[in-house]
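One structure is given here, and the rest of the page talks about it.
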Amino acid sequence: MASPPIMRTIADLRSAVALWRRAEESVGLVPTMGALHDGHLSLVKRARQQCRRAVVSIFVNPTQFGPNEDFQLYPRDLDGDAAKLATVGADAIFAPQVAEMYPEGAVTAVTVSGLTEGLCGPFRPGHFQGVATIVTKLLLQCLPDAGFFGEKDYQQLQVIRQLARDLDIPVRIEGVPTFRESDGLALSSRNAYLTPAERAIAPTLHRVLRQAAADMEAGGTASATTDRGKRELFGAGFSRLDYLDVVDAVTLKKIERLERPARVAAAAWLGKTRLIDNLPVAF
Ligand code: AMP
C-alpha cells in the first residue's frame, strides 16, 4: 500500500476532511507523538473499523514535557512511521509544525481539574494541561466523528473524555485496550530506552498489576495489595516508584476497598526510563 499523504498545515488537514465530508464519509482521528509501534497501529485499525477515513496526527508536543523530561531525545522517524501507517490503511498523516500549533502570542490552555490531581499528575506538573490543550486543538482542527486513545494512558483517556464533554466538542472518544508484548510489557515508544537487562525486568510491572487486580477482586484492601506489589517491584530491580495505586475507574480517586469498578495503575522507573501501566479491576 502507498504511504498516506502527509499534511503539514491545519489548512491542508481541513481541506482533506472537507472533501471527505462532502462525500459523507466518517472520519476518525488517532493522535500520536510518532515513533509508532503496534500499539499505535491497533488504534488505527480500530479507527478504520469504525470510520471510513482515518487520520493519524504525529506531533511531539513540547508543552506536555517537563523541563527535565525527554522532549529533545524523544524518538522521531516520520518516514518509518509513514511506512507503518501504509500497512494499516491510514488515509492521511497530519504532521504540523510547532510554530503553527503554538504561534507567538498564544496564551490559552485547557485545564482539567480533579482527574489530574492523582496518579501521574503530581509527578509531571503541567503534563496534563499540555495534553489537554493539544488534544483539544487537534479535535477542533480535524473535527472527527471519533477520536481514538489507548487505555495504556488511562488517566489521559479519562481527561480527554472529560474535556470533550465539558467543552461540548462533538466527538466520540473511544478507548482502545493496551497492546502488549507476549511477556506482558505494554508497548511504548519509551521501551526503546531500556537496556537488555532492564528490558528483562520490565514485564514484572504487568505481572504485579495483574496480581494486584486479582488481590482486590478477591476482597483485599488497597493498602495490603499495594504494599505487596511495591515489595515485588523493588525486589525485581525497579529503581524507583512514583506510585502504585488502586483508583476508582471513573473519578480516579484512590479507594481502599472495591465498591465499584476500579483500576490499578503504576508508574515505575528502570534506570532512566519511566514506565506506566494499568489494568481494570472488575467489580
Ligand atoms: P503516544 O504517541 O505515546 O502519545 O501515544 C499515542 C496514543 O497511542 C495514545 O492514545 C496512547 O494511549 C496510545 N498507545 C500508546 N501505547 C499503546 C499501547 N501499548 N496499546 C494501546 N495504545 C497505546
Side-chain angles (χ1 to χ4, degrees), residues 28-50 54-66 69-71 73-78 80-82 84-85 88 90 93-96 98 101 112 115 119-120 124 127-139 142 144 146-164 171-194 199 202-203 205-206 209 252 263 265-267 273-280:
L29 174 67
V30 181
T32 80
M33 298 204 300
L36 301 181
H37 51 62
D38 287 344
H40 298 116
L41 300 185
S42 72
L43 268 58
V44 182
K45 287 180 195 161
R46 179 68 67 91
R48 291 281 285 113
Q49 284 162 4
Q50 293 194 13
V55 181
V56 178
S57 64
I58 296 182
F59 181 65
V60 185
N61 174 35
T63 66
Q64 70 188 71
F65 289 80
E69 294 184 358
D70 54 348
F71 174 67
L73 268 180
Y74 198 84
R76 290 164 173 85
D77 177 17
L78 190 54
D81 289 344
K84 288 177 191 160
L85 290 173
V88 289
I93 296 171
F94 177 46
V98 173
M101 294 303 260
V112 178
L115 290 173
L119 301 176
C120 287
R124 302 191 69 188
H127 170 71
F128 286 112
Q129 185 178 83
V131 169
T133 303
I134 197 65
V135 171
T136 300
K137 287 166 69 75
L138 290 166
L139 291 174
C142 183
F148 296 82
F149 299 88
E151 287 185 357
K152 150 101 182 347
D153 301 280
Y154 189 78
Q155 187 174 19
Q156 168 176 293
L157 171 62
Q158 294 302 97
V159 164
I160 291 163
R161 288 193 161 122
Q162 184 80 42
L163 74 84
V171 62
R172 199 169 75 240
I173 302 298
E174 295 279 345
V176 180
T178 303
F179 193 94
R180 299 178 181 282
E181 304 279 7
S182 53
D183 61 11
L185 177 65
L187 268 65
S188 163
S189 309
R190 291 190 168 101
N191 292 352
Y193 302 152
L194 297 171
R199 175 64 188 80
L205 183 58
H206 175 242
L209 289 173
L252 306 185
R263 210 88 195 171
T273 308
R274 183 178 187 269
L275 300 179
I276 60 169
D277 201 351
N278 70 88
L279 284 176

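Computed from a predicted model, the values in this text were never measured in an experiment. Counting convention: from 1, in listed order, for ligands and their atoms alike.
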Between ligand 1 and the protein, which N/O pairs are shorter than 3.5 Å?
unit_1	atom_1	unit_2	atom_2	d
ligand 1	2 (O)	Met33	N	2.9
ligand 1	2 (O)	His40	NE2	3.0
ligand 1	5 (O)	His40	NE2	3.4
ligand 1	10 (O)	Gly150	N	2.9
ligand 1	12 (O)	Gly150	N	3.2
ligand 1	12 (O)	Gly150	O	3.3
ligand 1	12 (O)	Asp153	OD2	2.6
ligand 1	16 (N)	Leu187	O	3.3
ligand 1	19 (N)	Phe179	O	3.0
ligand 1	19 (N)	Leu187	N	3.4
ligand 1	19 (N)	Leu187	O	2.8
ligand 1	20 (N)	Phe179	N	2.8

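Residues satisfying the side chain to side chain donor-acceptor pair (under 3.5 Å) test with Glu151, not counting sequence neighbours, are Arg263. In this structure Asp70 satisfies the side chain to side chain donor-acceptor pair (under 3.5 Å) test together with Arg190, Tyr193, sequence neighbours excluded. In terms of the ring pair (Phe, Tyr, Trp, His ring centres under 6.0 Å) criterion, His206 has no residue partners (sequence neighbours excluded).
Side-chain contact check for Ile173 versus Leu157: some heavy-atom pair is nearer than 4.5 Å.
For the pair Val88 and Lys45, the tightest heavy-atom approach, listed with the atom from each and the gap, is CG1-CE, 3.5 Å.
For the pair Arg76 and Phe71, the distance from NZ or CZ to the six-membered ring centre is under 6.0 Å and the angle to the ring normal is within 45 degrees.
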